[in-house]
Structures are given as C-alpha cells and as structure tokens.
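Side chains are part of it too, since the values below use all heavy atoms of this structure and drop only hydrogens, waters and symmetry mates. Count residues from 1 along the sequence.
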Amino acid sequence: MLTIDVLTLFPELISTPLSQSIMGRAADKGIINVRAHQLRDWAHDKHHRTDDYLCGGGQGMLMKCEPIFEAIEELRREHTKVILMTPQGRVFSQPVAEELAAPCLNGDDVHYIILCGHYEGVDQRVIDNLVDMELSIGDYILTNGAIAAVVVIDAVARLLPGALGDARSSEEESFANGLLEAPAYTKPNVFRGMTVPEVFLSGNHKAMAEWRLEQALERTKKNRPDLYRAWAEAHPEHFALKKKKRTKLTHYKPRPDRSSAENPTEQNNP
C-alpha cells in the first residue's frame, strides 16, 4: 500500500479532490491511503502560528521550524521519505511519478510525507535536516503547495495496480512511451459529416497501431518538440525503417507506352 501524510495549512484542498473518482475508488480498495493534516495542530502558541518574519528582513513570511519538525518527527517511520512542494524543486514529470510509484510496484509498503510550502517557503533548516526530495510541478507560482501535492499524488497513485479500471490505460497515455497520445475517437462513426479515420473501421490492429504511432509523433513534434527530439534520438531504427519503405521501389522504371512507341510521329505532329 502507498500511504501519504500531507502537512498543509489547507487540508480540505487535499481531502476533497482525492476522495473523488479514480482516487476515491483506489482509497476504497486499500490501494492508497492519503491523510491530510493541519500543520497548525503542531503549533503550541496562543494563535497556532506556523509562520514568522524573515530573519534579516525582507518581504513576506516564512514557515517556521518548530511545528514542521514536530509533525514530521511524529509521523515519520523507519523508511519514510519527506517531499517538499516548492518552486525551487526538481520538476515533476511522468518519469518522476514512476520513480515514486516503483517501490509499490515491487510489493513494498511505501510511506511519503508531503510538506506543502506556503508564504515565502520554509525555513532552510527544515530542508537541510528533514527533506529527502524537493518537487515543483512547473515554472510558475501557486498560492500554496497543497494544489501541487494533489497533482503529484494523483499522478503517482494512478500507476499502482488496480487503481485504473484497465491496466493498459496508464501504458497508452501521453508520456507513457515518451510521446503525446494520439487522437482518439468514439461512436458514432459519422457525426455531422465528420468521419473517424478509415483505419479504425478496417479491423486491422497492426495498421491501427502504426497509425496511432505516426499521429503521436506528429502531435508531439508540433506541441512538444523537445520530447520529439528525445524520442527520435532513442529510436533511430523507426526512421531508418520508414526510409527503407520509401526507397523500396526507387529502382523501378515505368514501361514505355506501347502506342506512342509504335507511332512516334503522332507525338510530334499536332
């Protein structure tokens, strides 16, 4: 099982979206257990403050050491990994999601504590002494890290066996093979004069797979050229095979037209 304790000032931002749809069903099946904690519960002053002014001056407020240390020390197990959601972190991606899900796929019980940044971030002593991984979901700023934590949890949990209705779903989606997903269609086959590609009506599964790959390549080349270049470098055999198919008949020369050969003067005379 994957167990995740989330430390945040806004636990409802964690519990509400992760209780719905696929994540809710995964929790009901015992595949994942997410517990959202109010960080203020570990603050002991009168107002349960979790932030203070920056040491040395500066704008904004910084999350304090004391409640964070107490919370993590109470929740931590022997093999717990602590993840901090922060704009300064490693950029989250599908390979990172797979990295976090990997121990569960090996049958291990996994425990993560996700600390959600807020204000101007957290005291550096927290990072130096408690945090195992810093993660960012992109080069932009959110109002708090709880939103980013939901993204990470969802992306990781859906990789676990049984989380999705069809095990193939996570294998055929965008990024699963380094490419964006190909266009998809459903019934009716014709809608307002718009038809689905003929290949889907052929019953030829090999042809459909080839079509999906070529469409995925085209979409990736257009929308994510960085991913396209990486895929092309890793799969030179694909382009070599395409080139071979294109040049297969280049030696062929069309036979001359017999009627013109028998009546050469007809070509020169109007």
Side-chain angles (χ1 to χ4, degrees), residues 1-20 23-24 26-27 32-93 96-97 99-101 109-157:
M1 176 188 284
L2 173 60
T3 301
I4 301 177
D5 285 299
V6 185
L7 293 170
T8 173
L9 299 178
F10 306 96
E12 63 278 2
L13 291 181
I14 300 292
S15 57
T16 300
L18 293 180
S19 65
Q20 309 297 315
M23 292 300 102
I32 182 172
N33 181 22
V34 180
R35 301 178 295 208
H37 303 275
Q38 172 55 260
L39 185 59
R40 296 186 191 278
D41 292 343
W42 284 273
H44 305 299
D45 63 290
K46 179 180 178 180
H47 300 289
H48 298 282
R49 290 187 59 182
T50 59
D51 64 302
D52 209 336
Y53 295 103
L54 279 75
C55 183
Q59 294 185 351
M61 308 289 281
L62 200 66
M63 296 180 72
K64 294 157 57 86
C65 287
E66 301 96 310
I68 297 175
F69 267 78
E70 285 197 29
I72 290 178
E73 287 169 353
E74 181 177 327
L75 296 172
R76 180 173 244 162
R77 305 175 188 173
E78 183 179 357
H79 300 294
T80 297
K81 289 192 179 298
V82 178
I83 300 170
L84 171 65
M85 303 308 305
T86 169
Q88 290 82 32
R90 174 184 178 188
V91 177
F92 186 67
S93 62
V96 179
E99 177 184 325
L100 293 173
D109 286 330
V110 179
H111 182 223
Y112 295 126
I113 296 176
I114 299 182
L115 174 60
C116 302
H118 193 51
Y119 307 117
E120 295 300 315
V122 303
D123 189 298
Q124 184 63 35
R125 289 168 288 188
V126 171
I127 300 173
D128 293 341
N129 293 277
L130 298 175
V131 173
D132 298 295
M133 177 186 291
E134 298 175 69
L135 280 183
S136 165
I137 62 168
D139 296 337
Y140 45 88
I141 307 299
L142 299 171
T143 53
N144 65 78
I147 300 169
V150 169
V151 172
V152 171
I153 295 169
D154 186 283
V156 173

Residues at least two apart in sequence or cross-chain that pass salt bridge (Lys or Arg N to Asp or Glu O under 4.0 Å) with Asp51, listed by chain then number, are none
Gap separating the CG atom of Leu115 from the CG atom of Leu130, nearest 0.5 angstrom: 8.5 Å
Pairwise distance CG(Leu142) to CD1(Ile147) - rounded to 0.5 angstrom: 5.5 Å
Shortest non-hydrogen contact from Thr16 to Ser19? O-OG, 2.8 Å
Least distance between heavy atoms, Ala146 atom then Asn144 atom: N-OD1, 2.9 Å
Can you tell me how far CD1 of Ile114 sits from OG1 of Thr8, rounded to the nearest 0.5 angstrom? 10.5 Å
Below 3.5 Å, can you tabulate the donor-acceptor pairs from side chains in residues 132-139 to any protein atom, sequence neighbours excluded?
| from | atom 1 | to | atom 2 | distance (Å) |
| --- | --- | --- | --- | --- |
| Asp132 | OD2 | Val82 | N | 2.7 |
| Ser136 | OG | Gly138 | N | 3.2 |
| Ser136 | OG | Gly138 | O | 3.0 |

Counting only heavy atoms not in Lys81, do more than 12 sit closer than 6.0 Å to its NZ atom? no
Quick check against the 3.5 Å criterion: does Asn129 have a side-chain atom that pairs as donor or acceptor with the backbone of Arg125? yes
Show every donor-acceptor pair shorter than 3.5 Å between a side-chain atom in residues 52-61 and any protein atom, with sequence neighbours excluded, or say none if there are none.
none

What distance separates Met63 CE from Leu84 CG, expressed to the nearest 0.5 Å? 9.0 Å
Distance (rounded to the nearest 0.5 Å) between Leu7 CG and Ile68 CD1: 8.0 Å
Sequence-distant partners of Glu66, side-chain hydrogen bond (donor to acceptor under 3.5 Å, both in side chains), two or more places apart: none
Do any pairs count as a side-chain hydrogen bond (donor to acceptor under 3.5 Å, both in side chains) and have a residue in residues 33-46, sequence neighbours left out, and if so which ones? Asp5-Arg35, Asp5-His37, Trp42-Glu74, His44-Glu70
CD1/Ile127 to CD/Gln88 distance, rounded to the nearest 0.5 angstrom? 7.5 Å
Contacts of His111 meeting ring-ring contact (aromatic ring centres under 6.0 Å, His included) (sequence neighbours excluded), chain-then-number -> none
